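Numbered from 1 within each chain, the chains take letters A, B, ... in sequence-line order. Everything quoted here is computed from the prediction, not taken from an experiment.
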There are 2 protein chains.
Amino acid sequence: MSTVRGARQPTIKEVASRAGVSPMTVSRTLAGGRNVRPDVQQRVMEAVRELGYYRNENARSLRPGQPSGLIGVAITNLANPYYGLFALGVEEVAAEHGRRILLGNTGEDDARERQLVSDFIGRQVDGLILVPTSGDAAHLRPERLGDVPLVLASRRVPGLEVDTVLLDDVGGAYRGTMALLDAGHTRIGFLGNRSSVFTGERRYRGYERAMTERGAPVDPAIIARDQQDVDAASRAARAMFDLAEPPTAIFSANNRNTIGAMREIGRRIREGVPGPRPAVVSFDDFELSELMPVPVTVIDHDARLLGREAATLLFSRLDGTAEARVRTVELPVSIEFP
Amino acid sequence: MSTVRGARQPTIKEVASRAGVSPMTVSRTLAGGRNVRPDVQQRVMEAVRELGYYRNENARSLRPGQPSGLIGVAITNLANPYYGLFALGVEEVAAEHGRRILLGNTGEDDARERQLVSDFIGRQVDGLILVPTSGDAAHLRPERLGDVPLVLASRRVPGLEVDTVLLDDVGGAYRGTMALLDAGHTRIGFLGNRSSVFTGERRYRGYERAMTERGAPVDPAIIARDQQDVDAASRAARAMFDLAEPPTAIFSANNRNTIGAMREIGRRIREGVPGPRPAVVSFDDFELSELMPVPVTVIDHDARLLGREAATLLFSRLDGTAEARVRTVELPVSIEFP
DNA sequence: CGGTATGTTGGTAACGTTACCAACCGCGAG
DNA sequence: CTCGCGGTTGGTAACGTTACCAACATACCG
């Protein structure tokens, strides 16, 4: 090995001089070898191997019109397994298109989102995929992004018309609630969260629509929409069950709330606390739902597919194969009965 | 707004001419404004705002000695929530150091890992964090990486001496198995997986050590080490429980195997299949373990912290604050009894 | 054998940025 | 009033790469 430890990365010039050719010939060889004699190509590739040369992608993309091959992805909370799957879906499609992803976690923080987007633009990303933190849209306006295409996932941003992939939140919540109503329940509690205002709102709307359609009372006493984590959800469920008129069923708008409700229900059963053993419908799947002490209907979705769709939408813009019109893809959800 | 839709990103020159100064003055202003008159700075910042200018980070890092501000992160399986948490930990620390992360998923594929590492180097990353796919080490040798520091996480690569963060797999498995032995079990089955050869091996070693130390027989009939997913784990558990002499307890080396075993145990209880209702120790936590039909002891760890430690190790190299010696950090695991 | 088409190779310039140096300014000390 | 110094500004070159053009070699045709 002729490379010295601690040395800078070798450049195309060093490869060229080692192979006894010009940098242009090295460049051509690495670009596929069109119009380069095979024996010369071989000499070049040998020099590349010997020196451990890698093309400097940053220098490459410096030339105008050259894509950087990077996609900026900002999601709200990587600690949520669904977003891990989402990121995986994006990564897969990006890899299929020879792109890499720059990943940032916003933690539902507007300022951090703005910072990430700025940085992504500064790094010349070819496109952006964003789970927005539903603040305002100023930093996402086309004139701020230059000609970098943007795809929103999971949520919309008020006043911003761009390609978007969503779940069928309303329909899923509607059908899930309907299932409870069909089973004879009329007093159905709602557990939801605030953070994802957009999805939370949509899922609540589905719940509400089903309830009113069937003439079931929508009682604020059994609607809790402020729980961000499992513990808060547990407490909310507890308060609801301790009411004089507790709900006989629960619609939970997400994973975190479902787990919290389950904890509380499990505790009551273990400790013999009297009161309801409510049926549960859960938006978002969770493992071992079939082992729960009460029947759980699951409204599941494919976050990985959501990521893939977002990336596919983006690449159709990048390839220029997309129509000009802004598109929204709404992915179906599936319902699994206990 | 004077920016034209579809236009290229504005350059420092355009900002300069708009502000009536030279590009150097813009550069200095953006670098903190040392030795630039306040009123000139203001004019420059105004032009920056008006044009929607972002520094081109790629061009910036082209100059020799300039860091790219990128960290390459390759993990094996983003679909695993633990790796999502791991990535989050890395991202957090990177952000604290003003770095972004380039994320790739290897899917336990050697070729893909090599490809990702090449690409990361080509993009001039300042450092690499890798959950290795335990193939060979050729592409990770220092002479192949130039002077880019590397940190391994979760697993080692045979024959490669680099900074590494691990879990206390052996100790955790040992203590977990001991807990079962203390409870009077002697016939303890083992469920594990192949993919992560390294951790799988270590966890098996902890199990084996505890067993032999107490003189409990290590019976190949109740040791299954080939399950990659929940379904396979379920089948392995089923076969084990159907033996003439089934285990009275199960040590499960990971999440996937635990879920699979639980499914099978739940099925047998629901369907009234006679046979053991084994106690379970699970390496890796899972939610609602307290609601399981048999008592589950959980050996948990903090994947986010693992990611933070990996990144911290890397940045100590980058800052030059690290001692030269190769370091290994082994994070403790916690045991939660049912 | 001359001429043209085709294939191969290299030189030059440019991408956006900033380190370095040179030039210039105003101000205070001698 | 002159000198020198510190603060401010701009020009030049270089980072690594490749598009473009020019130069040259070779093959083929008439």
> What closest approach, in Å, do A:V125 and A:S68 show between heavy atoms, and which atom pair accounts for it?
Replying inline: CA-OG, 3.7 Å
> Please give, in whole Å, the distance from D:dT18 C1' to A:E57 CD?
Replying inline: 13 Å
>> In whole Å, I'd like the distance from the OH atom of A:Y54 to the P atom of D:dT17.
In response: 14 Å
> What is the distance, rounded to the nearest whole Å, between atom CZ of A:R60 and atom P of D:dA19?
Replying inline: 9 Å
> Of all the choices, D:dC20, D:dT17, D:dT9, which nucleotide is nearest to the side chain of A:M24 once you look at every atom?
Replying inline: D:dC20
> In whole Å, what is the span from the CD atom of B:Q124 to the P atom of C:dG16?
Replying inline: 19 Å
>> Using the side-chain heavy atoms of A:T25, tell me which of these nucleotides is nearest: D:dC15, C:dC15, C:dG10.
In response: C:dG10
> Under a 4.0 Å N-O cut-off, is there an ion pair linking A:R60 with A:E57?
Replying inline: yes
> Would the number of heavy atoms belonging to other residues, nucleotides or ligands and lying under 6.0 Å from CD of A:E330 be above 12?
Replying inline: yes
> Of the non-hydrogen atoms in A:R327 and A:S316, which two are nearest, and what is the gap between them?
Replying inline: NH2-OG, 3.0 Å
> Whole-Å distance between C:dT18 C1' and B:K13 NZ?
Replying inline: 13 Å
> With nearest nucleotides of DNA chain D determined for A:T11 and B:R28 from heavy-atom distances, which residue corresponds to the more 5′ nucleotide?
Replying inline: B:R28
> Taking OP1 and OP2 of D:dT17, is either one under 4.0 Å from a side-chain nitrogen or oxygen of A:Y53?
Replying inline: yes
> Between C:dA14 atom P and B:N58 atom CG, what is the distance in whole Å?
Replying inline: 21 Å
> For DNA chain C, whose closest nucleotide is more 5', that of A:R34 or that of A:P23?
Replying inline: A:R34
> In whole angstrom, what separates B:R37's CZ from C:dC27's P?
Replying inline: 12 Å
> To the nearest Å, how far apart are B:I12 CD1 and D:dC15 P?
Replying inline: 19 Å
> Counting side-chain heavy atoms from CB outward, which of D:dT18, D:dG16, C:dG11 is closest to A:A59?
Replying inline: D:dG16
>> I'd like to know whether CD of B:E96 has more than 12 heavy-atom contacts from other residues, nucleotides or ligands below 6.0 angstrom.
In response: yes
> Of all the nucleotides listed (D:dG7, C:dG10, C:dA19), which has the minimum atom distance to the side chain of B:Q66?
Replying inline: C:dA19
> Considering only D:dC15, D:dG16, C:dC20, which nucleotide approaches the side chain of B:R63 most closely?
Replying inline: D:dC15
> Is A:N56 touching bases, backbone alone, or none of the nucleic acid, heavy atoms closer than 4.0 Å?
Replying inline: sugar-phosphate
